[in-house]
Amino acid sequence: MATFLSRLGRLAFRRRGVMVLLWLLVFGGMGFAASTAPAPPADTFSMPGTESQEAFDLLTEKFPDASADGAGARVVVRAPEGAKITAPAQRTAVERLVAELRASSPQVVAVADPYESPAVSISKDGTTAYMVVTYKVPAMEVDDKAHDALDAATEQAREAGLTVEAGGDAVKIEQAMGGTGEQIGILVSAIVLVLTFGSVIAAGMPLLTALIGVGIGISGITALGSTLGLSGTTSTLAMMIGLAVGIDYALFIVSRFRAERAEGRTPEEAAGRAVGTAGSAVVFAGLTVVVALAGLAVVNIPMLTKMGLAAAGTVAVAVLVALTLVPALLGFAPVKVMARKGRLAYAVKPLSDRKQRRAAKHAAKLARKTKPNLGSRWAGYVLRHPVAVLLVGVVGLGTVAVPAASLELGLPGEGQMSTETTQRRAYDLLSESFGPGFNGPLMVTVQTTGTEGTAKDAKAAGDEIGKALLKTDGVASVSPATANKAGDTAILNVIPETGPTEKETEELVRELRDTAGALERSTASRILVTGQTAMFIDFSQTLDDALLPYLGLVVGLAFLLLMVVFRSVLVPLKAALGFLLSVAAALGAVVAVFQWGWLADVFGIDAPGPIMSTMPIFMIGVVFGLAMDYEVFLVSRMRESYAHGARPAEAVVDGFRHGGRVVSAAAIIMMSVFSGFIVEDNDFVKMIGFALAIAVLFDAFVVRMAIVPALFALLGKSAWWLPKWLDRILPRVDVEGEKLGQAQAPTTPRGRGQGQDRERTPVG
């Protein structure tokens, strides 16, 4: 592989104009395809195989006029202090609000007047009422005019003296003036790259190529959206992981190119070796990321499967960009990509006598410079104290991971939104006036199993079931059953005593389903429990059940890939175990902050609660990709030194000398980008940013920089042990570049050649 990739790198370097033109054509073509493609479909949420999804499908079939998949808004109104909502003045204002909502938009199907069913829609103290606005389109298709009309109607009611708030999926989510955090993260990334490379050109190259790769990937997703059913949010994960790995991969190639130039190779030879060695690491690092993302299919949730596959395609583009576009761009700036200080030593054109003396002086200074860099000094320290470093790292991460044992999964609800939002205020008003369970009603569907069901049969069965369910502990109330026109299906609403995200509500759903199983036989009906709360519970349970199989698949396949790359059993084993340790520690930190509320004031968390169900899966996918990037790049350099005759300890030091600074820079960049999300107002956006940032911190600086070299020090040569029978079976991919041979080795000492001779003679 190293030989093939080396030839590819040299070809891209020589034909740099053609290569850049090809990528620009691809970029422009994909952009044009995206701009002319039909609009992507709206987000659809389905969970095949779950009871709540089965009930939802039944409702869509049996109650077609009820807009089962339509959006809804609950408008809560409260009378001024000391007044009742039933007083004439307040009633007039509320009825005017109902009329305005009904006429607000053609998308509105119905608005329930609270005075038509006061026992349900008006609180016992008479101060608060609510009305449900039903739309005929899903939440993602509610247009801006409908949103504006809803806002205008509620604002007019406020001017009449009422307290009015609105919740539900039809209410527009106000986007805070964000972007500042992300901009700071990108700025920090640019500063880190400049400090790492000492060159603006070298710093800008990874950012530029990563943006091109992500642009192609996102444009491809948009262009294929209507054909493959990819919604607008499918690209979210692709953008995040694509930008992360795109910067990393280009960073690795550029760094290796500079190292090869510093060893005396001509620009073309340096580009070939950079792509042959670091490029091989990029290929296998990219494969591990693709495995992690494609593995989301095991969760069996179509939305996550599409997001994972789309992100995997974007990562594949990032790999191709790193292997071809990066060496082509290096061809345009083979000297300017080097550090500004000492750049004269790499000049191609003949220099004046004064510049020659300066270059010679700098070369002599470098030749006398034998002091090891920070990476090699740190590696030396770890090699001298491996047991202490290992214990501190493992015990420290293990301690941080303890709270992960109390992990509770859930989905974001209005109760976790900022108190500045109308959704959260509506949620609080309903909880205060009607009880916490009112924000998470459960819907029970009752389908008669007889061949000739009547409305009486369905309603009678539903009422009988409702009376039985009302006796269940934790049920606050049950509505009368309502049958459909065909008379074979009825629905009834169950109001829990606890809130939608509380553990007691989850237990209640399970108990109701157990009770329904016994009632099915006595009522000759099929009973299903659904509703948004039940769907969220099923979603969390589905993800929880899939977490271990997903981890097993991802870690298992990555173990096989790393075993092929490093020709070792113990190296991939410790890589996988180290990743699991860093993920556990990151989950522990997330639980402590966002579930338990530690440091909640520091991070501005309004309502600590369950961890978002999708967060662990996404965190594993993203962090696994980055962790394997760091592992492959750092350890492949050790493997390369070991394969060329270095002793195990020398190989570790050499790996850190060449790779420690780059891996550290890549990790700091990712941490700064992810940390930008922490300043957002939404608690769940904060959670994702915090989780990813701290996971990268733990994995890069504790696992890869401390635990890994400590284990190498303790294992010695046995770290590279591979049974002979397995060695014969595994394919050889030559990641370390052994087959590149000595033909490309530098043939002149470090210094500066003259004119055309310099291009033929590999010098620094």
Side-chain angles (χ1 to χ4, degrees), residues 292 295-296 298-299 304 390-412 416 501-503 506-507 536-537 539-556 558 573-600 602-603 605 607-628 667 670-671 674-675 677-678 683-704 706-707:
L296 288 172
V298 304
V299 182
L304 293 183
L390 182 63
L391 286 176
V392 170
V394 172
V395 173
L397 290 181
T399 302
V400 178
V402 170
S406 302
L407 175 68
E408 295 180 8
L409 298 179
L411 279 182
Q416 282 73 48
T501 60
E502 296 183 35
K503 192 70 175 178
E506 181 178 346
E507 295 171 354
F536 281 5
I537 291 172
F539 184 74
S540 299
Q541 187 62 48
T542 299
L543 289 173
D544 198 18
D545 293 341
L547 191 58
L548 289 180
Y550 175 69
L551 266 176
L553 174 68
V554 168
V555 174
L573 179 61
K574 67 176 181 55
L577 293 177
F579 163 73
L580 293 176
L581 184 60
S582 61
V583 165
L587 283 176
V590 170
V591 169
V593 174
F594 290 89
Q595 184 176 310
W596 293 356
W598 294 5
L599 302 177
V602 174
F603 292 99
I605 301 168
I611 303 304
M612 185 168 59
S613 301
T614 53
M615 195 280 296
I617 289 282
F618 280 159
M619 187 184 73
I620 289 171
V622 174
V623 177
F624 182 83
L626 296 175
M628 293 304 104
M670 292 304 102
M671 288 169 57
F674 294 145
S675 296
F677 293 102
I678 299 177
D683 282 355
F684 292 95
V685 175
K686 291 178 186 286
M687 184 187 301
I688 291 175
F690 176 83
L692 294 177
I694 202 164
V696 170
L697 171 67
F698 290 154
D699 197 273
F701 292 103
V702 181
V703 174
R704 309 302 156 192
I707 294 178

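The first residue of the sequence shown is numbered 1, and numbering continues consecutively from there.
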Which atom of [X] lies closest to which atom of [Y], heavy atoms considered:
X	Y	answer
Leu409	Pro616	CD2-CG, 3.8 Å
Ala586	Met619	CB-SD, 4.0 Å
Ala627	Asp699	CB-OD1, 3.0 Å
Val623	Phe579	C-CE1, 4.0 Å
Ala585	Val400	O-CG1, 3.4 Å
Val696	Met670	CG1-CB, 4.4 Å

Backbone of Pro403 reached by a side-chain donor or acceptor of Gln595 within 3.5 Å
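The answer is no, because no donor-acceptor pair under 3.5 Å joins these two groups.
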Can a donor-acceptor pair be found, under 3.5 Å and without considering hydrogens, that links the side chain of Tyr550 to the backbone of Ala292?
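Side chain of Tyr550 to backbone of Ala292: a pair is present.
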Rounded to the nearest 0.5 Å, how far apart are [atom1] of [X] and [atom2] of [Y]?
X	Y	atom1	atom2	value
Met615	Leu543	CE	CG	11.5 Å
Lys574	Leu581	NZ	CG	13.0 Å
Asp544	Leu407	CG	CG	7.5 Å
Leu587	Ser406	CG	OG	12.0 Å
Ile620	Leu551	CD1	CG	4.0 Å
Ile707	Leu391	CD1	CG	10.0 Å

Test item: Val703 and Phe698 side chains (from C-beta on) under 4.5 Å apart, heavy atoms
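No, too far: nothing below the 4.5 Å cut-off.
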Side chains of Thr399 and Val395: closer than 4.5 Å at any heavy-atom pair?
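SC-SC contact between Thr399 and Val395 confirmed.
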Passing option when Phe690 is tested against Phe674, Phe594, Trp598 for ring pair (Phe, Tyr, Trp, His ring centres under 6.0 Å):
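Per the ring pair (Phe, Tyr, Trp, His ring centres under 6.0 Å) rule, the option paired with Phe690 is Phe594, out of Phe674, Phe594, Trp598.
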